Number of protein chains: 2
Amino acid sequence: MADLLNLNRLVYFTTVMETGSFTSAADRLGVAKAVVSHQVGRLEEELGATLLQRTTRRVTPTEDGRLFYDRAMIILREAESAYGEISQAAVEPSGTLRLTAPLDYGTRVVAPVMAAYLKAYPQMRVEAIFDDAVSNLVDEQIDLGIRVGWLADSSNQARRLGTIQQIVVASPAFAADLPADANPNQARSLAWVGNAQLRGVGQWLFSKDGDTVLTELNPVVVCDKSPAAYACVIAGIGLGIFPDYAVDEDIVGGRLVRIFAQWTLPTGGIHAVFPPARFRPAKVRAFVELLAAAERKRARGVARG
Amino acid sequence: MADLLNLNRLVYFTTVMETGSFTSAADRLGVAKAVVSHQVGRLEEELGATLLQRTTRRVTPTEDGRLFYDRAMIILREAESAYGEISQAAVEPSGTLRLTAPLDYGTRVVAPVMAAYLKAYPQMRVEAIFDDAVSNLVDEQIDLGIRVGWLADSSNQARRLGTIQQIVVASPAFAADLPADANPNQARSLAWVGNAQLRGVGQWLFSKDGDTVLTELNPVVVCDKSPAAYACVIAGIGLGIFPDYAVDEDIVGGRLVRIFAQWTLPTGGIHAVFPPARFRPAKVRAFVELLAAAERKRARGVARG
DNA sequence: TAAACTGTCTGATTTAATCAGACAAAAGCA
DNA sequence: TGCTTTTGTCTGATTAAATCAGACAGTTTA
């Protein structure tokens, strides 16, 4: 069935109908006139009917030809619109954006970006899956995943949006009990709140001016959800390690105090990962741009703070 | 514009959507799966958008893909219907048949065939142009021309349907005044009614058993329309030469008498001529078949009579 | 009558489509 | 964990299609 009709020939025929001659049709299409003659001939052959009566001087459509022209124009217009719609979708965001992000990063960073995104593209809809669990982008039909930390699998394409800093914090009350010269070397003897979601729960590499201290922590509490661990730290259970975006506000607000401020922990990355696809829809590209801008802005804020 | 969209690729994409895999789509289409992969890839390239997310195991349509599938199906259905309609028109008569025929042949032979044609194909419409004038088939958009006598131009395609016999007739009263042994040698001295439409008004070649007589006639009246000349002969003005189909009835009815019955004049042909076209519509073919059948039947009748 | 223009044809060339087979990745099975 | 099967894609060679430039006969115009 597919072999019998070659839809590409329609445009040759309709152009001849519109221009009234093979020569001018060839002109308009930018091909040799022999091509138009050949293609229309093949079309007639496929249909088993004559569409155009041609003398050396004049081209006249047959009844079939007039009939078929109307049908062909509907097809071509429909095709043009379909192609245009999709091609434009590659330029102008449309439809629904499904994204996933870690819960804390989602609430702190992604949510505001979503607001900006929806304001910029009011026709869009967003489905956000905020979960620390790493889900399969293809199975879940997710357009965009945001991963914080270190990328595990790399079958997906990814783009680095920014950097996160791991920060050791404690509640002001807990911090007050610490010795003034506290440093990572005493880490094992302190009370920690562990976060099962973050990699390296077991060992942490502190560094400061070339010195490095690799130490194991001794969590008195381990939570499998970041917000829960965070709440434990706020409550003064112990020290916690969290990404900068999670603690910024509470440090500024005085609800948390930074510990070991002179020391740094390994930095992680903030990545946008995409399902395997040759072309990225505009809706995804637009969101990633906004998110990257927010990340840049946040990085400047962290640098200042 | 034409270069940017290759409509033939649509069927590859839609088949993948329907079968859910490139392999089974290739199966259904009867091509190598590499072809499906390549064609869908090119389609996505043309659109600048990804339609299908493919892992090695599963094919999932993107939102664009689902959107485009609906559009593509509309296009393909429309195309199939358009092709089918025209192709069927090449098989089943439809539309309007425009034909032209000489006035007398039209009224005597074509009109009854038209009745049979419309009975066989009630959906058809016929526009008949009965006129001895030879009209241009292309300019007048005529599907079928019927020419009696000798074909002049041959830029059109033609098919011979039958033979006409030129017959010398006179009214019974006029015939009664003729000598019993009248023969073509005395033709110049007799009163003739000329018909400007028929070729050879000036000279006629009579033959009988090998003998031939080439003689000029001496018309006392020349008419430019066959029916007029015919009426003159009926009225007893003189001898006339008419095709067999025109005089058969009146000879049987006794209103005319055949003269020089032993002699024959050059036979002419009855031709169906068609505008230049590669394929002949079914509506034309069907009519010509009926006409040819009528001609064969008439030929048998003439032979008997 | 000459010149311009029509649609078609021809042979050569270029481009696209296609195939068979190989391949890595993923899923199912042992 | 290995092994097999199945997935979509890739590769190089082959085949088919499209295309072009130029020639041609028929028609119209000047």
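In this text the structure is predicted, and so the values were computed from the model without any measurement.
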Is the distance from OP1 or OP2 of D:dG8 to the nearest side-chain N or O of B:T55 less than 4.0 Å? no
Round to a whole Å and report the spacing from CG of B:D27 to C1' of D:dT6. 13 Å
Roughly how many Å is it from CD in A:Q53 to C1' in C:dT8, rounded to a whole number? 17 Å
Please report the distance, rounded to the nearest Å, between CD in A:Q39 and C1' in C:dT15. 13 Å
Whole angstroms only, please: what is the CG-C1' distance between A:N6 and D:dT19? 14 Å
Mind calculating the distance between CZ (A:R58) and C1' (D:dG26) to the nearest angstrom? 14 Å
Under 6.0 Å between ring centres: does that hold for A:Y105 and A:F130? no
Result for 5'-nearest mapping on DNA chain D, choosing between B:S37 and A:H38, is B:S37
Nearest-angstrom distance from the residue atom CZ of A:R42 to C1' of D:dA16: 10 Å
Hey, does B:V36 reach any base, or is it just sugar-phosphate, or nothing, if we go heavy atoms under 4.0 Å? nothing
A:N8 or A:G20, whichever maps to the more 5' nucleotide of DNA chain C: A:G20
Nearest to the side chain of A:K33, heavy atoms from C-beta on, is which of D:dA23, D:dT19, C:dT18? D:dA23
Starting at CZ of B:R9 and ending at C1' of C:dT18, how long is that distance when rounded to a whole Å? 13 Å
Is a salt bridge present between A:K283 and A:E92, judged by a nitrogen-to-oxygen distance below 4.0 Å? no
Using a strict threshold of under 4.0 Å (side-chain N to carboxylate O), is an ion pair present between B:R9 and B:E44? no
Whole angstroms only, please: what is the CD-C1' distance between A:E44 and C:dT8? 13 Å
Looking at D:dG8, I'd like to know if its phosphate oxygens (OP1 or OP2) sit under 4.0 Å from a side-chain N or O belonging to B:T23. yes
Is it true that, when you exclude B:R58 itself, more than 12 heavy atoms of the residues, nucleotides or ligands shown sit nearer than 6.0 Å to its CZ? no
B:L52 vs B:F22 side-chain heavy atoms within contact, under 4.5 Å: yes
Give a yes/no on whether any side-chain N or O of A:Y12 is located under 4.0 angstrom from OP1 or OP2 of C:dG7. no
Closest to side chain of A:A34, choosing from C:dG7, D:dA18, C:dC9: C:dC9
